[in-house]
Amino acid sequence: MEEVGTIMSIDGLTAKVTVPRKSACEGCTAGTCKPGEQSMEIEALNPIEARVGQTVRVAMKPYSYLKGAVIVYGIPAIALVIGAILGKEFFSTYFTGVDPDVVSAFFGFGAFIIFFILIKFWSIKVEKKQDLKPIIEEIIE
């Protein structure tokens with residue numbers, strides 16, 4: 001995944017790059033970008049020592065992007081399904097006065113919310129790792 005943007009500020013080995021917002025950005029919780037109205041701010045490694053105001057090409061490793069997408073979207077979806085199955089098949093016997101479908105929905109959405117919160121805390125921790133950050137690869141202007 002590559003983006004073209006303008007460097008807004010530099011802080012040591014990293015730079016904040018503003019790139020145009022895309023439709024794929026809606027709902028993303030990867031933690032790499034900070035949303036603005038018309039643009040996104042990406043914190044990227046700056047090994048080529050680009051300066052403020054320069055237009056650069058920022059690349060994110062496909063593995064990192066795919067891994068983030070699977071974790072952010074796949075795990076909560078799987079937790080929803082497993083929670084719903086467990087709620088209906090196992091926990092509905094403990095709640096005999098309640099419709100099994102209601103128990104299923106409660107446990108499914110409960111598992112979804114719990115895993116979503118856990119992934120949010122995980123993403124805060126992972127955002128500090130240098131090997132997963134986008135990299136400025138080329139100065140365009």
Side-chain angles (χ1 to χ4, degrees), residues 1-50 52-141:
M1 183 174 130
E2 294 183 353
E3 299 289 340
V4 174
T6 305
I7 296 182
M8 300 308 289
S9 65
I10 295 175
D11 182 23
L13 298 174
T14 61
K16 294 196 180 190
V17 181
T18 301
V19 297
R21 188 179 181 119
K22 306 250 189 325
S23 62
C25 297
E26 298 298 324
C28 175
T29 58
T32 305
C33 307
K34 293 185 175 71
E37 288 185 23
Q38 297 296 321
S39 62
M40 300 293 286
E41 188 175 275
I42 298 173
E43 186 175 327
L45 296 175
N46 187 10
I48 61 172
E49 299 179 4
V52 174
Q54 290 183 315
T55 302
V56 295
R57 183 171 52 88
V58 180
M60 181 183 282
K61 297 175 187 170
Y63 168 77
S64 298
Y65 183 73
L66 184 60
K67 179 181 174 185
V70 167
I71 290 171
V72 168
Y73 297 112
I75 291 177
I78 291 169
L80 174 74
V81 172
I82 291 174
I85 291 170
L86 290 175
K88 184 158 185 152
E89 299 299 323
F90 297 108
F91 294 112
S92 63
T93 59
Y94 296 107
F95 301 99
T96 54
V98 181
D99 183 21
D101 291 337
V102 172
V103 175
S104 174
F106 179 77
F107 278 94
F109 285 115
F112 177 82
I113 291 168
I114 288 169
F115 274 89
F116 191 77
I117 291 169
L118 290 173
I119 288 168
K120 185 63 179 170
F121 285 124
W122 171 83
S123 71
I124 291 169
K125 179 183 169 188
V126 168
E127 131 182 329
K128 296 175 183 156
K129 288 188 175 181
Q130 298 292 324
D131 60 329
L132 298 177
K133 286 190 177 190
I135 299 172
I136 298 174
E137 292 189 334
E138 177 184 7
I139 298 171
I140 297 174
E141 290 179 9

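Sequence positions, counted from 1, serve as the residue numbers for this chain. Given the structure is predicted, the values throughout are model-derived calculations rather than measurements.
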Rounded at 0.5 Å granularity, tell me how far [atom1] in [X] sits from [atom2] in [Y].
X: Lys16; Y: Glu41; atom1: NZ; atom2: CD; value: 5.0 Å
X: Ile119; Y: Ile117; atom1: CD1; atom2: CD1; value: 10.5 Å
X: Lys133; Y: Ile42; atom1: NZ; atom2: CD1; value: 12.0 Å
X: Asn46; Y: Glu137; atom1: CG; atom2: CD; value: 12.0 Å
X: Tyr73; Y: Phe116; atom1: OH; atom2: CZ; value: 8.5 Å

Exercise. Is the shortest heavy-atom distance from the side chain of Ile136 to the side chain of Ile7 under 4.5 Å?
Worked result: yes
Problem set entry | Heavy-atom check, side chain of Met40 versus side chain of Glu3, under 4.5 Å | no
Below 3.5 Å, can you tabulate the donor-acceptor pairs from side chains in residues 80-98 to any protein atom, sequence neighbours excluded?
{"from": "Lys88", "atom 1": "NZ", "to": "Asp101", "atom 2": "OD1", "distance (Å)": "2.6"}
{"from": "Ser92", "atom 1": "OG", "to": "Lys88", "atom 2": "O", "distance (Å)": "2.5"}
{"from": "Thr93", "atom 1": "OG1", "to": "Phe90", "atom 2": "O", "distance (Å)": "2.7"}

With a sphere of 6.0 Å drawn around [atom1] of [X], does it hold more than 12 non-hydrogen atoms of other residues, nucleotides or ligands?
X: Asp11; atom1: CG; value: no
X: Phe115; atom1: CZ; value: no
X: Leu13; atom1: CG; value: no

Seminar exercise, completed: Given the options Ile140, Ile139, Ile135, Val17, Arg57 meets side-chain contact (heavy atoms from CB on, under 4.5 Å) only with Ile140
Please find the pair of heavy atoms, one from [X] and one from [Y], that lie closest to each other, and give the distance.
X: Glu2; Y: Ala59; result: CG-CB, 4.0 Å
X: Ala111; Y: Ala79; result: CB-O, 3.4 Å
X: Gly12; Y: Ile10; result: O-CG2, 3.8 Å
X: Pro76; Y: Ile71; result: CD-O, 3.4 Å

